[in-house]
Amino acid sequence: QVQLVESVGGLVHAGGSLRLSCAASGSIFSMNNMLWYRQAPGKQLELVAGISGGETNYAGSVRVRFTISREAAKNTVYLQMNSLKPEDTAVYYCYGIIGTMGRMSTYWGQGTQVTVSS
């Protein structure tokens with residue numbers, strides 16, 4: 001059974017940095033399409049960043065500040081967050097289309113709280 005387990009978020013001050021990780025466990029053949037979403041208080045779920053093959057993309061609000069990366073050997077995707085702002089406060093979720101047991105399936109991480117204080 002595949003699971004996506006996210007690292008603990010935390011409380012950071014504005015301008016600080018934090019790295020989130022999302023590790024996939026189970027019998028995994030491929031995890032080429034991975035995404036990070038977030039949901040801030042009172043707001044809709046927002047796509048933050050994605051990586052597909054070697055191509056990455058970002059929401060305009062986080063471009064330059066955030067970096068998504070993947071370490072295939074560890075079945076782990078990361079979100080490096082720099083120059084954090086209070087408006088980055090949200091629950092962050094990883095999401096992926098993962099190949100396992102000869103088929104493709106989608107999975108969500110459990111979500112992790114990131115709080116940025118001003």
**OP:** For the pair Phe66 and Tyr92, name the ring-plane relationship: parallel under 30°, tilted 30 to 60°, perpendicular over 60°.
**Re:** tilted
Subject >> Rounded distance [0.5 Å steps], OG1 in Thr67 versus CG in Asn82 >> reply: 6.5 Å
Original post:
Quick one: does Arg70's side chain have a donor or acceptor within less than 3.5 Å of a partner on Gly53's backbone?
Top reply: yes
Original post:
In terms of ring plane angle, is the pair Tyr37 and Trp108 parallel, tilted or perpendicular, where the classes change at 30° and 60°?
Top reply: tilted
Original post:
Does Gln80 reach the main-chain N or O of Arg19 with its side chain, forming a donor-acceptor pair under 3.5 Å?
Top reply: no
Subject >> Sequence neighbours excluded - disulfide (SG to SG under 2.5 Å) pairs with any residue from residues 68-118 >> reply: Cys22-Cys94
Subject >> Heavy-atom closest contact (Ile28 atom, Ala24 atom, distance) >> reply: CD1-CB, 3.2 Å
Original post:
Say you draw a straight line from CG of Asn57 to CG of Leu35; how long is it, rounded to the nearest 0.5 Å?
Top reply: 7.5 Å
Original post:
With the 4.5 Å side-chain cut-off for hydrophobic clustering, are Leu79 and Leu84 part of the same group?
Top reply: yes
**OP:** Answer yes if Tyr107 and Ile68 sit in the same cluster of Ile, Leu, Val, Met, Phe, Trp and Tyr residues linked by side chain heavy atoms under 4.5 Å apart, and no otherwise.
**Re:** yes
Subject >> Shortest non-hydrogen separation from Ile97 to Met104 and the atoms involved >> reply: CG2-CE, 3.6 Å
Original post:
For the atom pair CG (Leu47) and OH (Tyr95), what is the distance rounded to the nearest 0.5 Å?
Top reply: 11.0 Å
Original post:
Val77 and Val2: same hydrophobic cluster, using ILVMFWY side-chain contacts below 4.5 Å?
Top reply: yes
Original post:
Out of Pro86, Ser117, Ser118, which one pairs with His13 under the side-chain contact (heavy atoms from CB on, under 4.5 Å) rule?
Top reply: Ser117
Original post:
Short question: side chain of Thr112, backbone of Ser7 - any donor-acceptor pair under 3.5 Å?
Top reply: yes
**OP:** Flag yes if Met81 and Tyr78 sit in one hydrophobic cluster, no otherwise; membership is Ile, Leu, Val, Met, Phe, Trp, Tyr, and two members link when side-chain heavy atoms are under 4.5 Å apart.
**Re:** no
**OP:** Quick one: pull up OG1 in Thr100 and CE in Met31 and give me the separation to the nearest 0.5 Å.
**Re:** 12.0 Å
Original post:
Looking only at atom types and distance, does a side-chain atom of Gln113 sit under 3.5 Å from a main-chain N or O of Gly9, one as donor and one as acceptor?
Top reply: no
Original post:
Is Val116 linked to Trp36 within one hydrophobic cluster, defined over Ile, Leu, Val, Met, Phe, Trp and Tyr using a side-chain heavy-atom separation of less than 4.5 Å?
Top reply: yes
Subject >> Ser61 side chain reached by Glu87 side chain, heavy atoms, under 4.5 Å >> reply: no
Original post:
Rounded to the nearest 0.5 Å, how far apart are OG of Ser83 and NZ of Lys85?
Top reply: 8.0 Å
Original post:
So which pairs with a foot in residues 88-114 pass salt bridge (charged side-chain N to carboxylate O under 4.0 Å, His left out), sequence neighbours left out?
Top reply: Arg38-Asp88, Arg65-Asp88
Original post:
Which heavy atom of Ser27 sits nearest a heavy atom of Met101, and at what distance?
Top reply: CB-CE, 3.8 Å
Subject >> Spacing of CD1 belonging to Ile51 relative to OH belonging to Tyr58, to within rounding of 0.5 Å >> reply: 7.0 Å
**OP:** Look only at the side chain of Gln39 and the backbone of Lys43, and say whether a donor-acceptor pair between them is shorter than 3.5 Å.
**Re:** yes
